[in-house]
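In what follows, a single structure is set out as structure tokens and then discussed.
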Amino acid sequence: MLKIPGMHHSPKVPAVERVYQPELLDSETGLFGADLFMDMVQRDIERSLRYGGEMTLMVFDVAVAAFHPSATEPEPPSLAPTVAEILRDIVRRSDIPARLGESRFAVLLSSAEQPGVEQFSERIRTRIGTEPYARDAEGNGIHARAWAGTAPWTPEFERADELVAAAVHAMNESRAGYEQVQDWFKGTDPAG
């Protein structure tokens, strides 16, 4: 290695994984739990209010799309571990994935522009819905469906719960539009 006078070479330090108290993580998935996630979103909002910044919050609900209960399997297996695996595979190191409820997940995307957010959302939804996430006792695939909504941060959002509510609202609007189209195809559109 060529040494240049006045230049110091420092060894590369491996990236350190963040360590959190286990009770703040979701026990089934290992993702951030709701309380820790909301604290981190609030921290990032406060940082953005002070220094500026760009972030988008994505919230999505996941539901079983096809499952036939039986005497041996009255309930479908949990979707949560599969969703967590997909999130870990897709998110960047700077993004913050979390489980907010039984079937609700979120990701805080840092420095994300809208086209990238839409692509990210579509990748997650496609991965969740394409392959069966489990098999029933007879070997039939059990599929899932995901609904997503996003809210880019703007200074009007001073609290984490406001930003999450905006993303949930966007998700619910998207779901309502899809359900109306499905009703129309079935010939049961109440608005028609």
Side-chain angles (χ1 to χ4, degrees), residues 13-64 75-114 116-129 133-134 144-175:
V13 178
V16 177
E17 289 293 320
R18 293 180 248 186
V19 179
Y20 298 98
Q21 296 171 324
E23 63 272 12
L24 297 177
L25 301 177
D26 177 66
S27 61
E28 187 177 12
T29 64
L31 297 176
F32 289 1
D35 291 340
L36 178 58
F37 180 73
M38 295 300 278
D39 287 347
M40 295 189 80
V41 172
Q42 188 63 47
R43 181 204 64 196
D44 282 6
I45 286 173
E46 289 169 10
R47 182 181 304 134
S48 294
L49 283 167
R50 184 174 179 136
Y51 302 110
E54 195 172 275
M55 65 181 154
T56 299
L57 181 73
M58 185 182 98
V59 174
F60 59 100
D61 284 346
V62 181
V64 176
E75 297 290 325
S78 174
L79 289 159
T82 300
V83 173
E85 182 180 322
I86 290 168
L87 288 177
R88 282 190 194 93
D89 188 42
I90 294 177
V91 300
R92 302 169 300 174
R93 287 184 56 89
S94 60
D95 299 332
I96 303 171
R99 185 178 186 189
L100 300 184
E102 186 68 28
S103 61
R104 180 164 289 169
F105 296 82
V107 179
L108 183 63
L109 302 162
S110 61
S111 301
E113 295 177 1
Q114 200 55 34
V117 170
E118 291 169 10
Q119 291 170 357
F120 177 83
S121 172
E122 207 47 45
R123 275 198 315 267
I124 289 176
R125 292 180 66 242
T126 299
R127 288 269 307 269
I128 289 171
Y133 78 93
R145 173 182 290 161
W147 305 102
T150 61
W153 178 80
T154 60
E156 73 184 74
F157 297 115
E158 294 182 3
R159 295 190 345 247
D161 61 335
E162 296 170 341
L163 187 57
V164 170
V168 169
H169 178 74
M171 178 183 63
N172 290 338
E173 282 187 341
S174 173
R175 183 185 327 206

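With respect to the salt-bridge test (charged N to carboxylate O, under 4.0 angstrom), the residues Asp61 and Arg175 qualify. No salt bridge links Arg88 with Glu85; every basic N to acidic carboxylate O contact stays at or beyond 4.0 Å.
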Ile86/Asp89 under side chain to side chain contact (heavy atoms under 4.5 Å, CB included): CA gap, chis, key distance, verdict | CA-CA 5 Å; Ile86 290 168; Asp89 188 42; 5.7 Å; no
Please test Leu57 against Trp153 for side chain to side chain contact (heavy atoms under 4.5 Å, CB included), starting from the C-alpha separation and ending with a verdict.
-> CA-CA 7 Å; Leu57 181 73; Trp153 178 80; over 6 Å; no
Tell me, with the steps shown, if Leu25 and Leu31 meet side chain to side chain contact (heavy atoms under 4.5 Å, CB included).
-> CA-CA 6 Å; Leu25 301 177; Leu31 297 176; over 6 Å; no
Show your reasoning for whether side chain to side chain contact (heavy atoms under 4.5 Å, CB included) applies to Phe37 and Leu100.
-> CA-CA 8 Å; Phe37 180 73; Leu100 300 184; 3.6 Å; yes
Could you walk me through whether Arg43 and Glu46 pass the salt bridge (charged side-chain N to carboxylate O under 4.0 Å, His left out) test, one step at a time?
-> CA-CA 5 Å; Arg43 181 204 64 196; Glu46 289 169 10; over 6 Å; no
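Contact between Leu109 and Arg92 at its shortest, heavy atoms only, is C-NH2, 4.1 Å. Scanning all heavy atoms of the two residues, the minimum distance from Leu24 to Leu36 falls at O-CB, 3.8 Å. Closest heavy-atom contact between Ser78 and Ala80: OG-N, 3.2 Å. Looking at every heavy atom in both residues, Leu79 comes nearest to Ala63 through CD1-C, 3.8 Å. Counting all heavy atoms, side chain and backbone alike, Pro152 lies closest to Thr56 at CA-OG1, 3.8 Å. Nearest heavy atom pair, residue Leu87 against residue Pro97, reads CD1-CB, 4.1 Å.
Side chains of Val59 and Arg104 form a contact here, defined as non-hydrogen atoms less than 4.5 Å apart. Looking only at side-chain heavy atoms (C-beta outward), Pro155 and Leu49 come within less than 4.5 Å of each other. Side-chain atoms of Arg127 and Ile90, non-hydrogen and from C-beta on, do get closer than 4.5 Å to each other. Between Ile124 and Met58, the closest side-chain pair of non-hydrogen atoms falls below 4.5 Å. Within the 4.5 Å cutoff, side-chain heavy atoms of Phe60 are placed close to those of Phe105. Looking at heavy atoms from C-beta onward, Ile128 lies out of side-chain contact with Thr82 at the 4.5 angstrom threshold. Between Phe120 and Val91, some side-chain heavy-atom pair lies under the 4.5 Å cut-off. Within the 4.5 Å cutoff, side-chain heavy atoms of Met55 are placed close to those of Ser48.
For the pair Ser121 (side chain) and Val117 (backbone), a donor-acceptor distance under 3.5 Å is absent. Tyr133 places a side-chain N or O within 3.5 Å of a backbone atom of Pro77 that can act as its donor or acceptor partner. When atom types are taken as modelled, the side chain of Asn172 and the backbone of His169 share no donor-acceptor pair closer than 3.5 angstrom. The closest donor-acceptor contact from the side chain of Arg99 to the backbone of Glu102 lies under 3.5 Å. Here the side chain of Glu162 pairs a donor or acceptor atom with the backbone of Arg159 at under 3.5 angstrom. With Gln42 contributing its side chain and Glu158 its backbone, the two residues share a donor-acceptor pair below 3.5 Å.
Shown here is Glu156, whose CD atom has more than 12 heavy atoms of other residues, nucleotides or ligands within 6.0 Å. The environment of Glu122 atom CD is dense: over 12 non-hydrogen atoms of other residues, nucleotides or ligands sit within 6.0 angstrom. Counting non-hydrogen atoms of neighbouring residues, nucleotides and ligands closer than 6.0 angstrom, the CG atom of Asp35 reaches no more than 12 such neighbours.
Atom-to-atom distance recorded for Ile45:CD1 and Leu108:CG is 8.0 Å, nearest 0.5 angstrom.
If you check the side chains of Ser110 and Ser94, you find a donor sitting under 3.5 Å from an acceptor.
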